[in-house]
Amino acid sequence: MRALAEFIMRGRVRAVLITMVGIPLISPAALALVSLRRGSSDGLMVLAWALLPVIAAGMSGYMSPLMTGLAASHFAAVFCGALALRSTRSWGTALVAVTAVAAAGILLTAQFSGGLLQSLLQAAEESGGGKAEQLKQIFGSEPLATGYLSWISAITATLALVLGRYWQALLYNPGGFRQEFHQLRMPLPLAAVCMLVWVYSLVTQDYVFWGAVIAFPMVVAGIALIHWLVASRGWGRGPLVALYVMLVIAALPLAGFLCGLALVDSWIDIRGRSGNK
């Protein structure tokens with residue numbers, strides 16, 4: 001990982017090459033690293049080159065409007081999140097920026113592709129195997145489809161930003177990422193609003209994933225709190241492995257618990273209280 005990060009930072013051409021290759025997670029993380037370290041000017045140049053093959057593939061018909069929009073919104077979300085983190089040094093602000101841009105990108109994609117649900121069903125019909133009927137059962141409405149893809153886009157963009165920040169710390173501030181992430185805590189007003197929207201979405205079936213999108217920064221804050229708790233108690237990696245396995249198996253139910261945990265932390269400052277004892 002360190003060797004790859006060093007390769008990316010040796011020059012603009014190398015950073016552009018890594019982003020244009022289109023390697024999942026790695027390419028957007030390279031964009032994040034350049035934007036975090038060198039700012040908006042270099043980051044915007046790398047973003048433009050990263051989007052060039054995406055736009056070219058979309059215009060030539062090689063990529064569908066759906067895939068073109070998803071890829072473009074993903075890179076844009078990573079770029080905006082990196083700039084927000086660089087300027088504010090606040091993971092809370094960066095997470096809100098990533099989530100907002102990712103969701104806006106999905107909504108724009110839905111607008112220009114004639115509806116995400118219809119695009120997904122068309123792609124499933126072309127691939128065959130009865131996948132279209134399965135998608136109809138899973139996504140019964142357009143809000144469910146857009147909400148789900150916005151949620152996935154926010155998650156993947158955040159993972160890329162996290163990797164980019166980790167690379168930056170690895171090269172220029174060893175140990176800084178761990179300390180920074182452990183201190184992630186959302187402002188109480190924002191935490192309360194996110195929790196209310198999340199609870200409301202649970203009783204409105206079509207918008208359950210949109211509730212998960214709004215609450216996503218809170219979920220990450222809850223994960224950060226558990227990371228801090230495990231590290232401060234010296235419990236090893238076992239609890240963290242269990243946490244991420246559960247996130248894969250039962251993401252939405254566990255997201256509610258993590259949101260509640262983050263809300264409590266925003267209210268009473270668990271870390272601060274622990275330090276005062």
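Atom set for the values below is all heavy atoms of this structure, side chains included, hydrogens, waters and symmetry mates excluded.
Once rounded to the nearest 0.5 Å, the distance linking NE2 of H74 with CD1 of I106 reads 10.5 Å. Annotation: the span from Q179 atom CD to N173 atom CG amounts to 8.0 Å, rounded to 0.5 Å. Atom CD1 in I8 sits 7.5 Å away from atom CD1 in I26 (nearest 0.5 Å). Note: Q111 CD to T146 OG1 = 11.5 Å, rounded to the nearest 0.5 Å. Here the straight-line distance linking atom CG of L47 with atom OG of S35 works out to 7.5 Å at 0.5 Å rounding. The CD1 atom of I55 lies 12.0 Å from the OG atom of S60; values are rounded to the nearest 0.5 Å.
For S27 (side chain) and P24 (main-chain N/O), no donor-acceptor pair under 3.5 Å exists by modelled atom type. Checking side-chain atoms of W167 against main-chain N and O of R2 turns up no donor-acceptor pair under 3.5 Å. Side-chain atoms of T88 come within 3.5 Å of backbone N or O of A84 as a donor-acceptor pair. In this structure, the side chain of T204 does not engage the main chain of D206 through any donor-acceptor pair within 3.5 Å. At distances below 3.5 Å, at least one donor-acceptor pair connects side-chain atoms of R185 with backbone N or O atoms of D265. A donor-acceptor contact shorter than 3.5 Å links the side chain of R38 to the backbone of M9. A donor-acceptor pair under 3.5 Å is formed between the side chain of S266 and the backbone N or O of M186. Of the possible polar contacts, one joining the T19 side chain to the A15 backbone as a donor-acceptor pair under 3.5 Å is found.
Residue Y172 places its OH atom among more than 12 non-hydrogen atoms of other residues, nucleotides or ligands, all under 6.0 Å distant. Within 6.0 Å of CZ in R89 there are 12 or fewer heavy atoms belonging to other residues, nucleotides or ligands.
Nearest heavy-atom pair, G211 versus S201, reported as atom, atom and distance to 0.1 Å: CA-OG, 3.3 Å. Annotation for A5 and L33: closest pair O-CD2, 4.0 Å, computed over non-hydrogen atoms. Closest non-hydrogen pair, V230 versus G236, comes out as CG1-O, 3.0 Å. Between A94 and L161, the closest heavy-atom pair is CB-CD2, 4.2 Å. Of all heavy-atom pairs spanning F216 and A154, the tightest one is CE2-O, 3.7 Å. Taking each heavy atom of M63 and V54 in turn, the nearest pair found is SD-O, 4.2 Å.
Cluster membership for L196 and V213, using ILVMFWY side-chain heavy atoms within less than 4.5 angstrom, is not shared. Residues L252 and L258 share a single hydrophobic cluster, defined by chaining ILVMFWY side chains whose heavy atoms lie under 4.5 Å apart. Note on L190: it does not cluster hydrophobically with V197, by side-chain heavy-atom contacts below 4.5 Å among ILVMFWY residues.
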For a side-chain contact (heavy atoms from CB on, under 4.5 Å) check, start with the C-alpha distance between I270 and I268, then their side-chain angles and the critical distance, and finish with the verdict. CA-CA 6 Å; I270 296 174; I268 67 175; 4.0 Å; yes
Let me see the working for L95 and L184 under side-chain contact (heavy atoms from CB on, under 4.5 Å), right down to the final yes or no. CA-CA 10 Å; L95 288 170; L184 171 57; 3.8 Å; yes
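A 4.5 Å side-chain heavy-atom check between M45 and V16 finds at least one atom pair inside the cut-off. A 4.5 Å side-chain heavy-atom check between L202 and V208 finds at least one atom pair inside the cut-off. A heavy-atom distance below 4.5 Å is not found between the side chains of I214 and V193. Considering only heavy atoms from C-beta on, V101 stays 4.5 Å or farther from S73 through its side chain. Residues W91 and L85 form a side-chain contact, since some pair of their non-hydrogen atoms from C-beta on lies under 4.5 Å apart. Residues I249 and L254 are not in side-chain contact: their nearest non-hydrogen atoms beyond the backbone lie 4.5 Å or more apart. Put simply, the side chain of W49 does not reach to within 4.5 Å of the side chain of L17, judged on heavy atoms. At least one side-chain heavy atom of F79 sits under 4.5 Å from a side-chain heavy atom of L44.
Partner of Y148 under the ring-ring contact (aromatic ring centres under 6.0 Å, His included) criterion, chosen from W210, Y207, F209: F209.
Under a 4.0 Å N-O distance rule, the pair E180/R165 qualifies as a salt bridge.
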